[in-house]
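We use all heavy atoms of the structure for the numbers below, so side chains are in, but hydrogens, waters and symmetry mates are not. Below, read A as the first sequence line, B as the second, and so on, with proteins coming before strands; counting in each chain starts at 1.
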Amino acid sequence: MRKITLPIEELDFELCVTSGQIFRFQRFERGGRQVWLGADGGNVIEAERTPEGWAVCSRPDGSVVERFLRLDVSLADVSRRVLEIEPSLAPLVARFPGLRTLRQARADETLFSFLCTVNNNLTRIHRLVRALGAFGEELEPGVFGFPPPERIARVGEVRLREMGFGYRARTLVQVAEELAHRPTGWLQALSEGEYERAVSALCELPGVGRKVADCVCLFGLGFDEAVPVDTHLWRVSVERYFPQWRGGSLTDKRYRAVGDHFRQRFGRLAGFAHEFLFYDSVTGAGKRSARGRKASPGARAK
DNA sequence: AGCGAACCGGAC
DNA sequence: TCCGGTTCGC
């Protein structure tokens, strides 16, 4: 099994798997060492912090980790080009070195995962996606390959509701049945066509709107021009690029405009570039400043 | 077209 | 009370 070591500027593995792109990686203790473990399709991916950076590998297929982490892309190169286009992003790029856009081997895992994120909070999202994953095959102790759609369909809405999925139980099962009825590889094949085509195909599925479709396009199908506009990216985009929409709501048209803005500006780098703004908005200064502007956390009315 | 409300259930 | 949205009805 081949181990790849990357400097932190090229890869911060922990950041990548905890920044809301995927939800099932966890820290384990193996032989006295702290390692991150998770599944990508039928393979296990392992990562360990070293003095040099991060050491990563996959098994049994040792090559999948390169695709999963998009190691064909040089993050130094991406950062340099993004900053040429928009120098004011420098503080964000500097704040999150090693933040990569991932690509999962199975787009159906991406789809079911992001169906769990709908109107939900991150803590519960992790719990639900992991619970779904546990219906899959156990590849190694505690590490599960994601179940196929047929399996999710068989679990059924009632059981999922009992497990706390709420109204997402219904759409999960509906989508699972829909996928099970289509030819094998239908979803995966969308990556061969055009981005717009993939978006509209995904939006046909019950419970899938623009945002979930874009997440599947970016993290599952490898469309780098996809820009998922969630509430965080919406807020930061309004502040930075569309101040005239301050206080307004995210309509279909505006969703489109935000994505187009990123695509015009960053082209194929849009997916990577948005990640810095998104994660800053989730965690750090972006969140605080957006709040601060919204008037008086300390003076909430009665 | 654009806006608001409901939706499961658990964090905060 | 608020969610990392989607859908439905004005």
Visitor: Say you pick atom P in C:dT6 and the same atom in B:dG10; how far apart are they, in whole Å?
Guide: 22 Å

Visitor: In whole angstroms, how far is the C1' atom of C:dG5 from the OH atom of A:Tyr255?
Guide: 10 Å

Visitor: Could you tell me whether the side chain of A:Leu132 reaches within less than 4.5 Å of the side chain of A:Phe112, counting heavy atoms only?
Guide: yes

Visitor: Among the nucleotides B:dG10, C:dT6, B:dC7, which one has an atom lying closest to any side-chain atom of A:Tyr167?
Guide: B:dC7

Visitor: Using whole Å, report how far CG of A:Leu233 lies from C1' of C:dG5.
Guide: 14 Å

Visitor: Of the listed nucleotides (C:dG4, B:dG2, B:dA11), which one gets closest to any side-chain atom of A:Thr123?
Guide: B:dA11

Visitor: Measure from the side-chain heavy atoms of A:Val212 and tell me the nearest of C:dG4, B:dC3, C:dG5.
Guide: C:dG5

Visitor: Could you check which nucleotide pairs with B:dG9 in any of the strands shown, counting Watson-Crick or G-U wobble with both distances under 3.5 Å?
Guide: C:dC3

Visitor: Counting only Watson-Crick or G-U wobble pairs whose two distances fall under 3.5 Å, which nucleotide matches C:dC10?
Guide: B:dG2

Visitor: Which residue, A:Ser19 or A:Val208, contacts DNA chain C at a nucleotide closer to its 5' end, judged by nearest heavy atom?
Guide: A:Ser19

Visitor: CE of A:Met163 versus P of B:dG10: gap in Å, rounded?
Guide: 12 Å

Visitor: Please determine, for the side chain of A:Arg127, which listed nucleotide (B:dG10, B:dC8, C:dG4) has the closest atom?
Guide: B:dG10

Visitor: OP1 or OP2 of C:dG4 sitting under 4.0 Å from any side-chain N/O of A:Thr231?
Guide: no

Visitor: Is the distance between the ring centroids of A:His232 and A:Tyr279 under 6.0 Å?
Guide: no

Visitor: What interatomic distance, in whole Å, is found between P of C:dT1 and the corresponding atom of B:dA5?
Guide: 15 Å

Visitor: Assuming nearest nucleotide by heavy-atom distance, tell me which of A:Glu162 and A:Arg254 is located more 5' along DNA chain B.
Guide: A:Arg254

Visitor: Using modelled atom types and a 3.5 Å cut-off, is there a donor and acceptor pairing between side-chain atoms of A:Asn43 and backbone atoms of A:Asp61?
Guide: yes

Visitor: So, does the side chain of A:Arg170 form a donor-acceptor pair with the base of B:dC7 at under 3.5 Å?
Guide: no

Visitor: Centroid-to-centroid, A:Phe219 to A:Phe114, below 6.0 Å?
Guide: yes

Visitor: Grab the CG-P distance between A:Asn120 and C:dT6 for me, whole Å please.
Guide: 13 Å

Visitor: Where each residue is assigned the nucleotide of DNA chain B containing its nearest heavy atom, which of A:Thr251 and A:Arg161 is assigned the position nearer the 5′ end?
Guide: A:Thr251

Visitor: Whole angstroms only, please: what is the CG-P distance between A:Leu160 and B:dG9?
Guide: 12 Å

Visitor: If I take atom CD in residue A:Gln174 and atom P in nucleotide B:dC7, what distance separates them, rounded to the nearest angstrom?
Guide: 17 Å

Visitor: Of the nucleotides B:dC3, C:dG4, B:dA11, which has the atom closest to the A:Asp230 side chain?
Guide: C:dG4

Visitor: Identify whether any heavy atom of A:Arg168 sits under 4.0 Å from a base atom; if not, whether one sits that close to sugar-phosphate; answer base, sugar-phosphate or nothing.
Guide: base

Visitor: When the aromatic ring centroids of A:Phe68 and A:Phe25 are compared, is their separation below 6.0 Å?
Guide: yes

Visitor: Which one, B:dA1, C:dG5, B:dG10, comes nearest to the side chain of A:Lys253?
Guide: B:dA1

Visitor: Pick the C1' atom in C:dG4 and in B:dG2, then give their distance to the nearest Å.
Guide: 23 Å

Visitor: Kindly give the cluster partners of A:Val143, where membership spreads through any ILVMFWY side chain lying under 4.5 Å from a current member.
Guide: A:Phe28, A:Val35, A:Leu37, A:Val44, A:Leu139

Visitor: Heavy atoms only, 4.0 Å cut-off, all strands: where does A:Gly209 land among base, sugar-phosphate and nothing?
Guide: sugar-phosphate

Visitor: Specify the separation, in whole Å, of atom CG of A:Leu111 and atom P of C:dT6.
Guide: 11 Å

Visitor: What is the distance from CZ of A:Phe278 to P of C:dG4, rounded to the nearest Å?
Guide: 9 Å

Visitor: Can you tell which of B:dG9, B:dC7, B:dC3 lies closest to the side chain of A:Asn119?
Guide: B:dC7

Visitor: Determine whether the aromatic ring centres of A:Tyr241 and A:Phe262 lie less than 6.0 Å apart.
Guide: yes

